[in-house]
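What follows is a single structure, written as structure tokens, with notes after it.
Because the structure is predicted, anything quoted here is derived from the model rather than measured. Per chain, numbering begins at 1; letters A, B, ... match sequence-line order.
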Protein chains: 2
Amino acid sequence: MHRVDEYFKKLKSKGFKLTPQRVRILKAIGLAEGHLDVWEIYQSVNREYPPIGLATVYRTLDLLKKLGVVNGLGFGEGHQHYEISPEHHHHLVCLKCGSIEEFDEQVVAKLEAVDKLEKELSGKLGFKIIDHQLEFYGYCSKCRKIQTDPKDFKEQGGL
Amino acid sequence: MHRVDEYFKKLKSKGFKLTPQRVRILKAIGLAEGHLDVWEIYQSVNREYPPIGLATVYRTLDLLKKLGVVNGLGFGEGHQHYEISPEHHHHLVCLKCGSIEEFDEQVVAKLEAVDKLEKELSGKLGFKIIDHQLEFYGYCSKCRKIQTDPKDFKEQGGL
DNA sequence: TTAAATGCAAAGCATTTGCACAATA
DNA sequence: TATTGTGCAAATGCTTTGCATTTAA
């Protein structure tokens, strides 16, 4: 059974109604390749289920977030991207161009340490930890070459 | 010499002008206890330097971010909070009430593993890493007690 | 002196909200 | 049938931008 289907049960068990909109929004997020933002989710659902309002998308995401079913990720763009709550997620965020690369954990040593820490913290701090996110900030290969000075700043759209 | 002062030098050396606004914005962030958001920074600077515009705060933060001097942290509130770029920063973000607690790293085992990983990644991925952020998501002690169901949802302002 | 920076006000988006109507359980 | 959920459109709120003016170097 796919994780998304389990979440349908969770909604029902909590007394929320299982509407076509909610089902489709959750599926859209779950089936997407990357992390969709609100507008993309709206578009995606609209393709097969036209009469949906943007407000419904926002309200549903709000609900799903609070149920711990999806996570909203902010990358400093001014709006959020959503994903089905995963084990964890790691990103490389470029401070200049804002690009976001996901990196495969297997590229390097595992992050067992973080998982272990998560468990320890959960016990000690009275904070029930559901998920974590590790992000690295820096400059992507492209941006490492760019100079940052007042003159270029304007031309490059602020780098 | 305080790190903030070094950043003044960095600005100058890159050819940017050292205006009173920029100095005060940077100081406000550097001296603050927590992580200020744009409005708080604006208020803070206004107290001693009235003729400053909100737009200037935004533009300055943009510049400082791109220079790697400050970091914008998004906690899913719809707007960012700023801090002088630190070694690293770890938070506990409550998925229900949105509260953010910073946790003292010393509470538990150190996160050497993350620092080590940072170095390894820097070499392998062609991505120059400047900083990282580790966030844990879950429910704070207060919110663990609250029920999430349709009836309460409205009354509690969506929990 | 001159490019860069600022303030103000207008414009642009993203998100939230009120309310009448529709739909689930 | 009783709530809960939805769509629409208006309202908010945060952020960006254009332009005339000021200012650091």
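In this structure, B:Gln80 places its CD atom 13 Å from P of C:dT15, rounding to the nearest Å. Separating the CG atom of B:Asn46 from the C1' atom of C:dT6 is a distance of 13 Å, rounded to the nearest angstrom. Summarising the geometry, the separation between CD1 on A:Ile41 and C1' on C:dA14 is reported as 14 Å, rounded to the nearest angstrom. Distance CD1 (A:Ile52) to P (D:dG5): 14 Å, rounded to an integer number of Å. Here the C1' atom of nucleotide C:dT16 and the NZ atom of A:Lys65 are 13 Å apart, to the nearest Å. The NZ-P distance, from B:Lys17 to C:dT6, rounds to 9 Å in whole Å. B:Tyr82 has its OH atom 6 Å from the P atom of D:dT15, to the nearest Å. Following rounding to the nearest Å, A:Glu40 (CD) and C:dA14 (C1') show an atom-to-atom distance of 14 Å.
Under the side-chain contact (heavy atoms from CB on, under 4.5 Å) test applied with B:Val70, the options B:Ile29, B:Leu63, B:Asp62, B:Thr60 reduce to a single match, B:Ile29.
Closest to the B:Phe16 side chain, of the nucleotides C:dT15, D:dG5, C:dA5, is C:dA5. Checking C:dA14, D:dG18, D:dT6 against every side-chain atom of B:Arg59, the shortest atom distance belongs to D:dG18. Which of C:dA23, C:dT6, C:dA14 sits closest to the side chain of B:Thr60 comes down to C:dT6. For A:Val38, the side-chain atoms get nearest to C:dT15 when compared with the rest of C:dT24, C:dA5, C:dT15. Among D:dT6, C:dT15, C:dA23, the nucleotide with an atom closest to any side-chain atom of A:Leu54 is C:dT15.
Distance alone, capped at 3.5 Å, places no donor-acceptor pair between the B:Lys10 side chain and the B:Val69 backbone.
Residue pairs meeting the side-chain hydrogen bond (donor to acceptor under 3.5 Å, both in side chains) criterion with at least one partner in residues 48-58 of chain A, sequence neighbours excluded, are A:Arg24-A:Glu48.
Legend: residues meeting side chain to side chain contact (heavy atoms under 4.5 Å, CB included) with A:Glu40, ordered by chain and number and at least two apart, are A:Leu36, A:Asp37. Here A:Gln43 pairs with nothing under the side-chain hydrogen bond (donor to acceptor under 3.5 Å, both in side chains) rule; sequence neighbours left out. Partners of B:Phe8 according to the side chain to side chain contact (heavy atoms under 4.5 Å, CB included) rule, which considers only residues two or more places apart in sequence or in another chain, are B:Val4, B:Asp5, B:Leu18, B:Val23, B:Leu26, B:Lys27. Legend: residues meeting side-chain hydrogen bond (donor to acceptor under 3.5 Å, both in side chains) with A:Arg22, ordered by chain and number and at least two apart, are absent.
Side-chain nitrogen and oxygen atoms of A:Tyr58 include at least one within less than 4.0 Å of the OP1 or OP2 phosphate oxygen of C:dT15.
Within a heavy-atom distance below 4.0 Å of DNA chain C, the residues of residues 18-28 of chain B found are B:Thr19, B:Gln21, B:Arg22.
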